[in-house]
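We number each residue from 1, following the sequence as shown.
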Amino acid sequence: MLRVLFIILAIVSVSLAIVLGDWRLYVLAVVLVVAAAAVITAKMRRRHKDAPGAYMRAPEQPEEDLASLGIVDIKPAHSASGGPKQTEGIDGDFDDFTVGDSYEFSSNPTDIPIGSAESPVIGKPRTMAPRSRIMVSEASSQSFADVLIPALHSLRASIDANTVCLLRQEDIPLRYHIEVMISQNSYARNGGSYAAKEPMLAGHRALVPVVYPRVGPNGFPKTKLGYYHEKINVRQVAMVPVVPKKFGDLFILLVDTMNDVGLEAASVRVLLEQYARLVSTILDTEAEGGLADLDATLPLKPRREIITEEMERARSEHHPLSLALVHFNSGEDGSEDVSELESAFYTRLKNVAVDARVERFGELTYGVFYHGANPGIAAWASRIQEGFPKDHESFPGGVSVGVAVMNDRHQNADELRSDVTAALQEAFQSGECIIVE
């Protein structure tokens, strides 16, 4: 306001100087102009001094590609009986596949919530440690999968192990059966058994951990690591003999790591002993038939997610992948308890489909993931079908087997599942094993 007053007075002084012809009024006008300039300069300096040294820039919101989210809703179009079929699943995923049904696949990106109206406050960037990727997580029975897999997952995470497994020793001939396997390495066996020339442990007391801080020359022999398909660069091994009261066999809880140190720590020994006691109690409970059937209480993992995991694993490791759907043909008459029949079906299928991942895809329908070479797919699929002869006492009528071989045209899980579903439909109608390449 003061600078404006000085300027007005300077203008008035110049006007009076012209009218009156007094030179002193010109001098006064100049002084007033200089004073106004000084006021303006002082104000600008104060503003510059008060300005912050750094400015915050609002974070840019990345554009979301809705197509990349891949939310696909699966709705049944019709059933074999002509009526609509209601399916239940997780995220629109079907969990009860029924032979004879056809499905519609649709994508509706408009159902996906993009975000809230207010953007969150973004603080200092942080680097998150990558999560460990579990490549093998299998058990010899459904009850072991429900109870022991979560327990051994926590053991692996707590000691940063590469592999945790529960082996059952058969003495004559010496052989180790894989009851539970959890590993970050895809070469770990996901089931079955392997022969051994000498025992893992000899003369050790039950529930007492034994740690081998060195693997290789002058240490634990690598030839004993038969639970891998190939030689793995394991650095340390620890194991605990487990002798449950209700079993005649010796079990071994084993962990290994690719780190040079870690397993020899006293805290790790304590953990191994405590987990071995837990495993012993679980085995005794299972022998008495006391383990709860968690299949009905735990939420099923979406089938789409399981297929995606296997596709990503195969492509990252440059392995072939085939998905088979195996359906028990005579299981719909209701003459036998379905849960008991499924348990027997699952166990036999695991034994027939050697070293393959088996997952429930619906009532009396299982998906089997095979990573073998393409020329051997036909023989592998035929072996599964022949493992359930039509005149079998426990599985009369045999099974239908449809197989889809993953190739470049399968961009996502739904495309591979669509092919294997079509193959199973054809196999069910023709009675032959159908393979879609």
Side-chain angles (χ1 to χ4, degrees), residues 134 136-141 143-145 147-171 174-185 188-191 193-194 196-216 219-228 232 234-287 291:
I134 303 301
V136 180
S137 181
E138 293 290 335
S140 61
S141 67
S143 56
F144 283 178
V147 180
L148 282 175
I149 282 184
L152 299 190
H153 263 296
S154 64
L155 173 59
R156 193 215 65 80
S158 63
I159 63 176
D160 191 25
N162 178 63
T163 293
V164 175
C165 60
L166 180 65
L167 307 175
R168 178 171 57 85
Q169 180 175 308
E170 181 182 335
D171 293 329
L174 183 59
R175 195 169 190 84
Y176 287 95
H177 298 265
I178 298 172
E179 300 298 330
V180 182
M181 172 63 71
I182 297 168
S183 180
Q184 293 180 273
N185 197 297
R189 296 179 183 270
N190 58 4
S193 62
Y194 63 93
K197 294 182 179 180
E198 53 182 336
M200 286 275 193
L201 288 171
H204 295 284
R205 289 187 301 157
L207 303 179
V208 177
V210 180
V211 178
Y212 297 91
R214 180 185 177 90
V215 176
F220 187 81
K222 281 192 174 182
T223 55
K224 288 188 176 183
L225 303 178
Y227 51 90
Y228 287 114
I232 304 301
V234 172
R235 301 295 180 87
Q236 291 188 323
V237 173
M239 58 189 76
V240 189
V242 179
V243 186
K245 298 177 181 179
K246 305 297 182 180
F247 281 87
D249 296 330
L250 168 69
F251 290 80
I252 296 176
L253 177 61
L254 184 147
V255 301
D256 68 33
T257 180
M258 293 185 178
N259 301 325
D260 292 319
V261 296
L263 295 186
E264 71 273 23
S267 58
V268 172
R269 293 175 182 267
V270 173
L271 273 175
L272 289 174
E273 180 182 349
Q274 295 301 322
Y275 272 89
R277 292 182 184 277
L278 173 63
V279 170
S280 180
T281 302
I282 291 174
L283 290 174
D284 283 336
T285 306
E286 167 68 3
L291 286 183

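- Checking side-chain atoms of E264 against main-chain N and O of P213 turns up no donor-acceptor pair under 3.5 Å.
- Residues L148 and I282 approach most closely at CD2-CD1, 3.7 Å, considering heavy atoms.
- Of all heavy-atom pairs between L253 and L155, the closest is CD2-CD2, 4.2 Å.
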Run the side-chain contact (heavy atoms from CB on, under 4.5 Å) test on L225 and I232 for me, step by step, so that the C-alpha distance in whole Å, both residues' side-chain angles and the decisive distance to 0.1 Å come before the verdict. CA-CA 9 Å; L225 303 178; I232 304 301; 5.9 Å; no
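- Scanning all heavy atoms of the two residues, the minimum distance from R156 to A161 falls at NH1-O, 2.8 Å.
- Pairing each heavy atom of Y275 with each of A151, the nearest pair is CE2-O, 3.3 Å.
- Residue pairs meeting the ring pair (Phe, Tyr, Trp, His ring centres under 6.0 Å) criterion with at least one member in residues 237-263, sequence neighbours excluded, are F247-F251.
- Of the inter-residue distances, the one linking L263 atom CG with L271 atom CG reads 11.0 Å to the nearest 0.5 angstrom.
- Checked by atom type and distance alone, the side chain of N162 never pairs as donor or acceptor with a backbone atom of D256 at under 3.5 Å.
- Put simply, the side chain of L254 reaches to within 4.5 Å of the side chain of V237, judged on heavy atoms.
- Residues that satisfy the side-chain hydrogen bond (donor to acceptor under 3.5 Å, both in side chains) test with Q274, not counting sequence neighbours, are absent from this structure.
- Here the shortest heavy-atom pairing between S280 and P244 reads OG-CA, 3.8 Å.
- The side-chain heavy atoms of E138 and I149, taken from C-beta on, include no pair separated by under 4.5 Å.
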Test side-chain contact (heavy atoms from CB on, under 4.5 Å) on K222 and V215; report intermediate values, then the result. CA-CA 6 Å; K222 281 192 174 182; V215 176; 3.6 Å; yes
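- Between E179 and L167 the shortest side-chain heavy-atom distance does not fall below 4.5 Å.
- Contact annotation: the side chain of F220 never approaches that of V234 to less than 4.5 Å [non-hydrogen atoms, C-beta and beyond].
- Using modelled atom types, no side-chain atom of R235 and backbone atom of N259 make a donor-acceptor pair closer than 3.5 Å.
- For D171, there are no salt bridge (charged side-chain N to carboxylate O under 4.0 Å, His left out) partners, not counting sequence neighbours.
- The NE2 atom of H153 sits 4.0 Å away from atom CD1 of I182, with the distance rounded to the nearest 0.5 Å.
- Side-chain contact between T163 and M181 is present, with heavy atoms from C-beta onward closer than 4.5 Å.
- By the side-chain contact (heavy atoms from CB on, under 4.5 Å) test, R189 is found to be paired with I178, Y194, H229, D355, residues two or more places apart in sequence or in another chain being considered.
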Donor-acceptor pairs under 3.5 Å, side chain of residues 196-212 to any protein atom, not counting sequence neighbours: which ones?
none

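- Judged by distance alone, with hydrogens and angles left aside, the side-chain atoms of N190 form no donor-acceptor pair with the main-chain N or O of V136 at under 3.5 Å.
- Residues satisfying the side-chain hydrogen bond (donor to acceptor under 3.5 Å, both in side chains) criterion with R269, sequence neighbours excluded, are absent altogether.
- Considering all non-hydrogen atoms of both residues, G262 and V268 come closest at O-CG2, 3.4 Å.
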